[in-house]
Amino acid sequence: MLDRVRRLVRLGDDRDLRQLPAAAQHLDAVRLMTIHGAKGLEFGGVHMPGLNSDTIPRTPPAPPCPAPDGMIAGAEGSALEAYRAGQAEEQECLFYVAQSRARDRLILYAPTEKSNGHSRPLSPFLDRLGSALTRRSVVPARPLPVAAEARGVELVIDGRLRFGAPQIALYESCPRRFFYTHVLHVGGRRTTTAFMHLHEAVRSVVEAVIASDVPMTEQELTDRTDTALAGEGLGEHGYRAAFRDLASAMLRFFLSGRAGAIAEAPVAVSINLGGEEILVEPDEVLMRPDGIRAVRRVRTGHMRSAEGKDVGAAALILAVKQAYPGAVAELVHLSDGAASELSLSDRELKGRTDKLSKFLGDIRAGRFPAEVSSRTCPNCPAFFICGPTPDGPLQKKFA
């Protein structure tokens, strides 16, 4: 059931939730639903919040994979222009659907000021209602309460903070998920899929290669790959051959990046920031044939758009500067078949370092607000527990 709830939220599909159970049909209550979910229904009174120019009509981001120009029947101009025109038409239809759900009363709401005091324009669709719309300004009688997931946590820390670079990078993406995962240790994992098991198998072979003192032959690589896939339950999988090809391609790229290089034992590096500690553990250290030492972080997946510029990347660069003078920091992504050298300007590195210090200060102060996202939140292991925390102090020791 919880997996189904996740799927409904992820897809924004609430059509199956429109019809109330028979026992709830006569309850004196407010029905809360999306505009899409209200299609085909009618109510005596309808309340529409958020009638602002940045809400409806909403301007969606460009599609990640637009159709080639000239491939959309009946469209003029580029594919992106056709997409924008279709979205604008869809927004008009949504506004009509929302209004036409009301039989007797239609009440529209729109805040005119942002939380930072700047003005917030109204939706241009409101002007289409003409003189039939009665406008009235309302000053809230009291401020809205702070959301449970945005309230501070009374955190009492014994000693100093000590986190790994990937952990502190998680705080940057969502402090609340960091709180559940690395403070309460209740983060859990996403539901594993066969594809995730494939990556686990590849990761185990990569670790074996790094730990080995002798080069691995092609046959040894094949045997280790088959053993790792079988260990992850993919030995008899229907797509075993495809998984084996993917794993082999990733591992061959990994081995090609080590050709001619001398492997050194990676050493964990501790970075001290304001009395707190960040631990950076490189996956491998290579002395390349050109005489340059490469300190590498190896990932089996694809590179994220901001991965080369986030605080995790900055922590790796700081560690390299501290422990391996003259070396370069590299991010290796086996699914991309690419190794990227990290490069941050002095200004960028200082900004990321200041951000790391701020994050550590925020953690000590118990600030763990949620970064709410309809795209990423349903995939979070803490999706169903994200919210209020018990009253009283939470005592922790990290170092």
Side-chain angles (χ1 to χ4, degrees), residues 1-7 10 164-167 169-170 173-174 177-178 180-182 185-259 263 265-266 268 279 281-286 296-304 307 312 316 330-340 375-384:
M1 183 190 74
L2 296 182
D3 285 341
R4 186 166 184 270
V5 171
R6 285 182 186 272
R7 186 165 60 251
R10 187 184 300 118
Q167 294 175 327
L170 177 60
S173 62
C174 181
R177 181 171 179 180
F178 172 91
Y180 291 116
T181 305
H182 299 302
H185 300 290
V186 295
R189 294 189 60 182
R190 293 178 296 173
T191 302
T192 56
T193 64
F195 204 66
M196 293 171 67
H197 284 294
L198 162 68
H199 282 266
E200 290 293 339
V202 172
R203 190 174 293 110
S204 68
V205 177
V206 167
E207 292 173 353
V209 170
I210 294 174
S212 176
D213 295 330
V214 295
M216 187 174 293
T217 65
E218 182 72 20
Q219 185 59 49
E220 289 174 334
L221 179 66
T222 300
D223 293 342
R224 280 190 178 272
T225 301
D226 289 340
T227 301
L229 290 173
E232 290 293 327
L234 302 178
E236 303 298 327
H237 195 279
Y239 289 97
R240 175 185 175 278
F243 287 152
R244 188 171 184 264
D245 290 343
L246 286 171
S248 298
M250 287 192 278
L251 291 168
R252 287 194 181 96
F253 170 76
F254 175 66
L255 291 180
S256 68
R258 308 176 94 241
L279 191 66
E281 299 181 87
D283 291 310
E284 66 173 349
V285 179
L286 300 177
R296 312 174 93 200
R297 191 171 71 194
V298 182
R299 297 290 182 264
T300 60
H302 297 283
M303 185 173 182
R304 294 179 287 104
E307 192 171 351
L316 180 58
E330 288 185 346
L331 298 182
V332 180
H333 292 84
L334 304 186
S335 291
D336 296 328
S340 307
R375 183 177 63 87
T376 59
C377 283
N379 299 319
C380 178
F383 182 55
F384 294 105

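Computed from a prediction, not measured in an experiment: that's the story for all the values here. Each residue takes its place number in the sequence, starting with 1. Only this structure's heavy atoms are used, side chains among them; waters, hydrogens and symmetry mates stay out.
- Counting only distance, with no hydrogens or angles, the side chain of Arg240 and the backbone of Leu234 share no donor-acceptor pair below 3.5 Å.
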Residues Leu331, Leu316; criterion side-chain contact (heavy atoms from CB on, under 4.5 Å); working and verdict: CA-CA 10 Å; Leu331 298 182; Leu316 180 58; 4.2 Å; yes

Start with the C-alpha gap between His302 and His333, add the side-chain angles, then the distance that decides, and say whether side-chain contact (heavy atoms from CB on, under 4.5 Å) holds. CA-CA 6 Å; His302 297 283; His333 292 84; 5.8 Å; no

If you apply the rule side-chain contact (heavy atoms from CB on, under 4.5 Å), what do you find for Glu232 with Leu198, and how did you get there? CA-CA 7 Å; Glu232 290 293 327; Leu198 162 68; over 6 Å; no

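- Of the possible donor and acceptor atoms, one in the side chain of Thr222 sits under 3.5 Å from a partner among the backbone N and O of Glu218.
- Using modelled atom types, one side-chain atom of Ser256 and one backbone atom of Phe253 make a donor-acceptor pair closer than 3.5 Å.
- With hydrogens and angles disregarded, a donor-acceptor distance shorter than 3.5 Å links the side chain of Ser335 to the backbone of Thr300.
- For the residue pair Arg224 and Ala208, the shortest heavy atom distance occurs at NH1-CB, 3.5 Å.
- Here the closest heavy-atom approach between residue Ser204 and residue Ala201 is recorded as OG-O, 2.6 Å.
- Inter-residue side-chain proximity for Arg252 and Ser248 is flagged as met; some heavy-atom pair is nearer than 4.5 Å.
- For the residue pair Leu246 and Phe195, the shortest heavy atom distance occurs at CD1-CE1, 3.9 Å.
- Smallest separation of non-hydrogen atoms from Leu286 and Gly257: CD1-O, 4.0 Å.
- Considering CZ of Arg244 and CG of Asp226, their distance stands at 4.0 Å, rounded to 0.5 Å.
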List the steps and the verdict of side-chain contact (heavy atoms from CB on, under 4.5 Å) for Arg299 and Asp283. CA-CA 9 Å; Arg299 297 290 182 264; Asp283 291 310; 3.2 Å; yes

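- Between Ile210 atom CD1 and Phe254 atom CZ the span is 4.0 Å, to the nearest 0.5 Å.
- Applying the salt bridge (charged side-chain N to carboxylate O under 4.0 Å, His left out) rule to Arg297 yields the partners Glu307; only residues at least two apart in sequence or on another chain are considered.
- With Ser212 contributing its side chain and Val209 its backbone, the two residues share no donor-acceptor pair below 3.5 Å.
- Heavy atoms only, all atoms of each residue included: Pro266 and Pro282 are closest at CB-O, 3.6 Å.
- Side-chain atoms of Arg6 do not come within 3.5 Å of backbone N or O of Cys377 as any donor-acceptor pair.
- A distance of 11.0 Å separates CE of Met250 from CG of Asp245, quoted to the nearest 0.5 Å.
- Across Leu255 and Leu221, no two heavy atoms sit closer than the pair CD1-CD2, 3.6 Å.
- Residue Arg177 holds its CZ atom at 12.5 Å from CZ of Phe383, rounded to the nearest 0.5 Å.
- In this structure, CZ on Arg296 lies 10.5 Å from OG on Ser340, to the nearest 0.5 angstrom.
- Summarising the geometry, atom CG belonging to Leu229 is positioned 11.0 Å from atom NE2 belonging to His237; distances are rounded to the nearest 0.5 Å.
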